[in-house]
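Here is the structure we will look at, set down as structure tokens.
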Amino acid sequence: MVIDSYYHINHKELREYFIDNIKPQLVICTDDLRADDDILHERLDKFITNDRINGVFAIGQIDEYFDSEKIKTAQELIHNTTQGMIVVYGIGAALVTKGDILVYNNITIQRVKDGYLSSLSNWGMNNPHEDPLTKEKIFNFVEAKYFDNHKRHLFNDMDYVIDGDDIDNPVMVTGDDFRKTLNYFASHPFKLEPFFNRGVWGGHWCKDVLKGGLDRENTAWGMTGWMNFQNALAKLGNHEFRIVGRDIVQYKPIEFLGNQNYFWFGYNCPLGCDFLDTWGGGNLSLQVHPDISYAQEEFNFPFGHYESYYMLDTSENSQVYLGIKEGVKKDDLVKAFKDAQITGKFDDEKWINHFPMKNHDHIYIPSGTIHASGKDTLVLEINPIGFQTFKLWDWGRIDADGKPRPINIDHGEKVIQERYQTQFVKDQLISKKAEIARGTGWRKEHSGTMEYELLKVDRYWFNKPIFFETKDHVKLHVLVEGEEAMIVSPNNEFEPIEMHYAEAVFIPASIGQYVIKPKNRSDEDLAVLEIYMDMGNAYQ
């Protein structure tokens, strides 16, 4: 029996309460097969780097963690044990052998990251007291790359799969049922299980309106539509079983993403959305994201980072910081940011544009644009794939750990685009909400902005059913006006799914045709966003 695991599974309890009780003839734990600490650091430190939050995305496979001679010795022990039960368990156990029975012990991404906020060490690093941001960095840049690659190659070999997220109540299903569930999510509309995190600038809109994150100090971030970080819930028998969003994409990439998206983005969902909640909170930091060339050169990341802010709910105080004032020189601005780290003062009125915002306004933030959401606002952040954020000024705040949040002017100054100044921002980065189509009971507005963006965001106002087609593209819908709507199949190929206000629903590419309609008859217009990647048709 082989029990392979993602990270943060309690292998000590697994050994004590299960493995020892079945009295195996031979037990092998993969912790004992790891490379020595000095060799491990020699292999991995070039990816971990000395930066508090930025590393380099690792290349290779999970065998980087292991001593090949120790694995060979373990395999010889297995070969020479001719009777009795043999158990191999731990991270990467299937590297030793896939055995007669392969069990995979799964866990959600957020569960691992929560562990790093307390005493969980990175695997093999013995760093329980290190800065949680640094531990999470190591996970994002190194561990997750290896663990996900390893798991992807085991999907079809898994005889059983455990949802190990609830430590006291793990749930195990057959590998066949697990794969059927992944297939289900790759062929039906679905929502991800939302979660909420606090932040130094966080507000309480998500608590008040969505009743989410009630156990949190605030709800700065509300994760609603990120396949890379969230999970879906499946009802298997009498139990809920968590399906990691990444697993859906990695098991059925073409069915979920569509051929063109898979061709361009591989095992990555190029659509995502979340809430930035500053209602009763403060401004986000002034920040900037890298373009694709800098991301590749510095972080071995294949994509740049650009995003958009959709104003889901606003107040009289709502505004965004977007681009630099007309005539500002980048060198002068960078010097002002650096001086502010010493003086504790930054004159944002002098350097950065401020624009008032109201409901359904939409701004585009290409790589290199200095930006931030202001206070008393609920932003629906709509992003393609992206990772790095370089903070330039954080208003002198101290985070919950008693430390200033990381400032990354050294990186930021290399990607700031001086040309994104006031007039350019007004012309190119703020949506004009142009109507582009209409029909009986609906009208369609283009909510996006720049002409050369791949990310397409359109808004439909409707009080009658609207017909959609995926056209071999994964799509993401968010209801941004109205209480609830329905997504139905015109051919009854999937069960209807309700979409409530502010909820995000993924439509896998394999679905084809579907209809969105009001749940209840009403003359009042609802509004839904349609979000997808539009790479164009190479044959036209």
Legend entry - Pair Arg111 + Asp114, salt bridge at N-O below 4.0 Å: no
Inset, instruction - Give a yes or no on whether Trp395 atom CH2 has more than 12 heavy-atom contacts from other residues, nucleotides or ligands under 6.0 Å away. - result: yes
Inset, instruction - To the nearest 0.5 angstrom, please state how far the CZ atom of Phe229 sits from the CG atom of Leu192. - result: 12.0 Å
Inset, instruction - Over 60° means perpendicular and under 30° means parallel, so classify the ring planes of Phe155 and Tyr251, tilted if in between. - result: perpendicular
Inset, instruction - May I ask you to check if Lys151 and Tyr104 form a cation-pi contact, with NZ or CZ under 6.0 angstrom from the six-membered ring centre and within 45° of the axis? - result: no
Legend entry - Pair Glu298 + Lys414, salt bridge at N-O below 4.0 Å: no
Inset, instruction - Return the orientation label for the Phe390 and His411 ring planes: parallel under 30°, perpendicular over 60°, tilted otherwise. - result: parallel
Legend entry - CD1 on Ile511 to OG on Ser187, rounded to 0.5 Å: 7.0 Å
Inset, instruction - If the plane angle is over 60° it's perpendicular, under 30° parallel, otherwise tilted; pick one for Tyr116 and Tyr7. - result: tilted
Legend entry - Verdict with supporting geometry, Gln61 and His153, side-chain hydrogen bond (donor to acceptor under 3.5 Å, both in side chains): CA-CA 11 Å; Gln61 300 295 329; His153 292 103; 4.5 Å; no
Legend entry - Residue Glu484 excluded, over 12 heavy atoms near CD under 6.0 Å: yes
Inset, instruction - Indicate the ring-plane relationship of Phe256 and Phe506, choosing parallel, tilted or perpendicular according to the 30° and 60° boundaries. - result: tilted
Legend entry - Spatial distance of atom CG (Leu322) from atom OH (Tyr420) [nearest 0.5 Å]: 11.0 Å
Legend entry - Residues Asp277, Lys207: salt bridge by 4.0 Å N-O rule: no
